[in-house]
Amino acid sequence: MTRLVMKFGGTSVATLDRIKRVAKRVGREVANGHEVIVIVSAMSGKTNELVGWVNETSPFYDAREYDAVVSSGENVTAGLMALTLQEMDIPARSWQGWQVPVLTDGAHGAARILDIPTANLDAKFAEGMKVAVIAGFQGISPEGRIATLGRGGSDTTAVAFAAAHKAVRCDIYTDVDGVYTTDPRISSKARKLERIAFEEMLELASLGAKVLQTRSVELAMRFKVKLRVLSSFDEYDETAGTLVCDEEEIMESKAVAGVAYSRDEAKVTLISVADKPGIAAAIFGPLADAGVNVDMIVQNISEEGRTDMTFSCPVDQVSRADRAMSDAKAAGKIDYTELLADKEVAKVSVVGIGMRSHAGVAARMFQSLRDENINIKVITTSEIKISVLIERKYMELAVQALHDCFELEKA
């Protein structure tokens with residue numbers, strides 16, 4: 001028998017009625033001859049509630065106990081799903097992370113999966129189990145404690161199980177019916193993509209698209225797991241959703257596949273930094289140690305041994321960056337005159353593997369923004385993406401303009 005992984009997010013299992021609805025989908029796949037591994041998230045809103053309880057109880061909490069509390073939401077969903085399937089006369093049982101086991105490192109709250117031995121599930125499937133319902137987002141640390149994978153971790157759980165069990169496909173059921181050329185809430189012309197390459201999806205996820213967790217796409221690309229993103233609220237259709245796959249499986253690539261945005265960005269500039277060997281390490285080492293997620297980096301031309309260094313980061317990390325730089329300056333590690341932070345910027349990006357073979361994408365992008373009188377503050381590029389920082393108030397206009405510029409509404 002072939003194995004199929006199906007992952008259901010929080011909105012898909014938010015109520016008992018919705019659990020029954022998705023259980024019928026699982027039943028169809030069993031009837032199609034699959035052994036099914038179902039990964040479930042906590043019911044919608046439950047994780048936030050649990051996190052709130054932890055913060056209210058202990059603002060400076062023990063991360064191990066945090067994991068013990070917040071992982072319980074997935075356990076509840078897994079048990080309810082298994083019971084629902086049993087009521088449908090489908091042999092099913094629930095599994096918590098430690099029972100599989102999902103082996104992780106010890107980074108509680110943001111653990112990484114190290115291995116998923118298949119022996120326990122293999123044995124139960126051999127005994128007649130048709131569906132294994134796995135509590136997503138969780139595993140067991142080397143110390144034998146529950147460890148969670150961070151927000152969106154159930155996506156990563158699903159892909160990891162698909163890789164470990166050599167599943168024919170990993171279906172990610174969400175509240176959207178696929179991956180779009182941009183956010184449909186911003187552009188009414190946004191078009192659902194039938195296929196998208198792993199690299200494009202990875203860039204879009206890291207640049208602000210909320211459809212899939214970045215780590216799950218990284219895993220899928222590494223282990224060549226076919227991912228399908230589809231809605232649990234649409235009628236059953238084997239061709240529904242968007243397939244995330246190898247570049248080779250896409251016949252013809254347009255220059256740009258999609259436009260992504262990140263609203264809550266900040267631009268930080270260190271004015272008049274002493275320009276000498278090792279200065280970049282002296283700046284970005286302390287920022288990394290402080291947990292600041294630096295993205296775009298620009299260094300000005302040096303004049304009289306001084307330069308300006310600009311970088312972007314999430315707007316809620318500006319104070320952390322300021323403190324890290326002040327401490328480094330006080331310790332004599334760096335020398336600068338002033339730190340300026342612009343908290344009213346957004347990042348807008350165009351992504352496409354077709355950029356490798358299409359010239360002039362940057363020129364068209366910049367011309368489009370100029371036509372809308374949108375000033376670019378910072379630019380960064382890679383082989384398949386171009387990102388700019390602009391004033392936040394122009395973000396939606398920029399997304400719409402770029403979507404039109406590259407005619408993404410056309411297949």
For this session: With side-chain hydrogen bond (donor to acceptor under 3.5 Å, both in side chains) as the test, would you mind laying out the steps for H34 and T2 before giving the verdict?
Result: CA-CA 5 Å; H34 294 300; T2 56; 2.8 Å; yes

Problem set entry | CD/E194: more than 12 non-hydrogen atoms of other groups inside 6.0 Å | no

For this session: Among I172, V244, D171, find the one that has a side chain to side chain contact (heavy atoms under 4.5 Å, CB included) with R228.
Result: D171

For this session: Report the distance from atom NZ of K20 to atom OG1 of T15, rounding to the nearest 0.5 Å.
Result: 9.5 Å

For this session: Check side chain to side chain donor-acceptor pair (under 3.5 Å) between T242 and all other residues, then give those that pass, not counting sequence neighbours.
Result: none

For this session: Classify the side-chain pair D404/Q400 by whether it contains a donor and acceptor separated by less than 3.5 Å.
Result: no

Problem set entry | Side-chain donor/acceptor of S387 to backbone N/O of S349, under 3.5 Å | no

Exercise. F311: what forms a ring-ring contact (aromatic ring centres under 6.0 Å, His included) with it, not counting sequence neighbours?
Worked result: F284

For this session: Quickly, which of H403, K410, R191 forms a side chain to side chain donor-acceptor pair (under 3.5 Å) with T181? Name it, please.
Result: H403

Exercise. Any donor and acceptor pair, going by atom type alone, linking the side chain of Q99 with main-chain N or O of Q96 inside 3.5 Å?
Worked result: yes

Problem set entry | For A260 against L204, the heavy-atom pair lying closest together | CB-CD2, 3.8 Å

For this session: May I have the step-by-step check of side-chain contact (heavy atoms from CB on, under 4.5 Å) for V131 and E35, ending in yes or no?
Result: CA-CA 6 Å; V131 182; E35 293 176 338; over 6 Å; no

Exercise. Are the side chain of S187 and the backbone of K189 linked by a donor-acceptor contact shorter than 3.5 Å?
Worked result: yes

Problem set entry | Residues L193, Y180; criterion side-chain contact (heavy atoms from CB on, under 4.5 Å); working and verdict | CA-CA 6 Å; L193 298 165; Y180 279 75; over 6 Å; no

Exercise. Just checking, is any N or O donor in the side chain of R64 or H108 under 3.5 Å from an acceptor N or O on the other one?
Worked result: no

For this session: Find out whether V26 and L85 are in side-chain contact, i.e. whether some heavy atom of one side chain is under 4.5 Å from a heavy atom of the other.
Result: yes

Seminar exercise, completed: Correct closest heavy-atom pair for M129 and A132 would be CE-CB, 3.7 Å

For this session: Find the distance between OG1 (T148) and CZ (F137) and round it off to the nearest 0.5 Å.
Result: 4.0 Å

Exercise. Any side-chain heavy-atom pair from F233 and D177 closer than 4.5 angstrom?
Worked result: no

Exercise. Would you say the side-chain atoms of S216 and Q213 include a donor-acceptor pair closer than 3.5 Å?
Worked result: no

Exercise. How many angstroms lie between atom OH of Y173 and atom CG of L230, to the nearest 0.5 angstrom?
Worked result: 4.5 Å

Problem set entry | Backbone N/O of S41 and side chain of T77: donor-acceptor pair under 3.5 Å | yes

For this session: Could you check if a side-chain atom of K347 sits within less than 4.5 angstrom of a side-chain atom of L207, using non-hydrogen atoms only?
Result: yes

Problem set entry | Taking every non-hydrogen atom, the tightest pair across A42 and K46 | CB-CB, 4.2 Å

Exercise. For atom NZ of K377, is the number of surrounding heavy atoms from other residues, nucleotides or ligands below 6.0 Å larger than 12?
Worked result: yes

Problem set entry | Under 3.5 Å side-chain donor-acceptor pair for S71 and D67 | no

Exercise. Within a reach of under 6.0 Å around CG of D371, are more than 12 heavy atoms found that belong to other residues, nucleotides or ligands?
Worked result: yes

Problem set entry | Chi angles and distances behind the side-chain hydrogen bond (donor to acceptor under 3.5 Å, both in side chains) call for S262, E265 | CA-CA 7 Å; S262 178; E265 296 287 320; 2.8 Å; yes

Exercise. Q138 side chain to G97 main-chain N or O, any donor-acceptor pair under 3.5 Å?
Worked result: yes

Problem set entry | Main-chain N/O of L397 paired with E372 side-chain donor or acceptor, under 3.5 Å | no

Problem set entry | Intermediate values then yes/no, side-chain contact (heavy atoms from CB on, under 4.5 Å), L369 and V388 | CA-CA 10 Å; L369 295 175; V388 296; 4.0 Å; yes

For this session: Verify the neighbour count for atom CD of E248: are there more than 12 heavy atoms of other residues, nucleotides or ligands below 6.0 Å?
Result: yes

Exercise. Are more than 12 heavy atoms from other residues, nucleotides or ligands located less than 6.0 Å from atom NZ of K226?
Worked result: no

Exercise. Is a side-chain N or O of R364 found less than 3.5 angstrom from the main chain of C405, in a donor-acceptor match?
Worked result: yes

Problem set entry | Partner set under side chain to side chain donor-acceptor pair (under 3.5 Å) for Y336, not counting sequence neighbours | none

Exercise. With a 4.5 Å limit on heavy-atom distance, are the side chains of E396 and R263 in contact?
Worked result: yes

Exercise. Of all residues at least two apart in sequence or in a different chain, which pass the side chain to side chain donor-acceptor pair (under 3.5 Å) check with S272?
Worked result: R306

For this session: Kindly indicate, with the supporting measurements, whether the criterion side-chain contact (heavy atoms from CB on, under 4.5 Å) is fulfilled by M355 and V350.
Result: CA-CA 10 Å; M355 288 187 195; V350 296; 3.6 Å; yes

Seminar exercise, completed: What one should report as the nearest heavy-atom pair of V102 and V100 is N-CB, 3.8 Å

Problem set entry | Heavy-atom closest pair, residues V225 and A162 | CG1-CB, 3.6 Å

Exercise. What pair of heavy atoms forms the shortest contact from L408 to V256, and how long is it?
Worked result: CD2-O, 3.2 Å

Seminar exercise, completed: Rounded to the nearest 0.5 angstrom, the CD-CZ distance for E344 and R392 is 5.0 Å

Exercise. With a 4.5 Å heavy-atom cut-off, do D105 and S141 have their side chains touching?
Worked result: no

For this session: Would you sort out whether D122 and R3 count as a salt bridge (Lys or Arg N to Asp or Glu O under 4.0 Å), showing the intermediate values?
Result: CA-CA 11 Å; D122 287 343; R3 287 193 188 162; 2.6 Å; yes

For this session: Kindly say whether G106 contributes a backbone atom to a donor-acceptor pair with the side chain of R145 at under 3.5 angstrom?
Result: no

Seminar exercise, completed: By side chain to side chain donor-acceptor pair (under 3.5 Å), D246 pairs with (sequence neighbours left out) K224

Exercise. Is the closest basic N to carboxylate O distance between E249 and R195 below 4.0 Å?
Worked result: yes

Exercise. Who pairs with Y61 by ring-ring contact (aromatic ring centres under 6.0 Å, His included), at least two apart in sequence or on another chain?
Worked result: Y66

Exercise. Looking at CE of M365 and CD1 of I379, how far apart are the two atoms once the value is rounded to the nearest 0.5 Å?
Worked result: 8.5 Å

For this session: State whether E199 and R356 are salt-bridged, where the test is any N-O pair (Lys NZ or Arg NE/NH1/NH2 against Asp/Glu carboxylate O) under 4.0 Å.
Result: yes

Exercise. Can you tell me how far CG of N293 sits from SG of C313, rounded to the nearest 0.5 angstrom?
Worked result: 8.5 Å

For this session: Determine whether R215 and R112 make a side-chain contact, defined as any pair of heavy atoms from C-beta on separated by less than 4.5 Å.
Result: yes

Problem set entry | Minimum side-chain heavy-atom gap I186-Y261 below 4.5 Å | yes

For this session: Could you tell me whether a side-chain N or O of K124 sits under 3.5 Å from a main-chain N or O of A92, the two making a donor and an acceptor?
Result: no

For this session: Could you tell me whether the side chain of K7 reaches within less than 4.5 Å of the side chain of T157, counting heavy atoms only?
Result: no

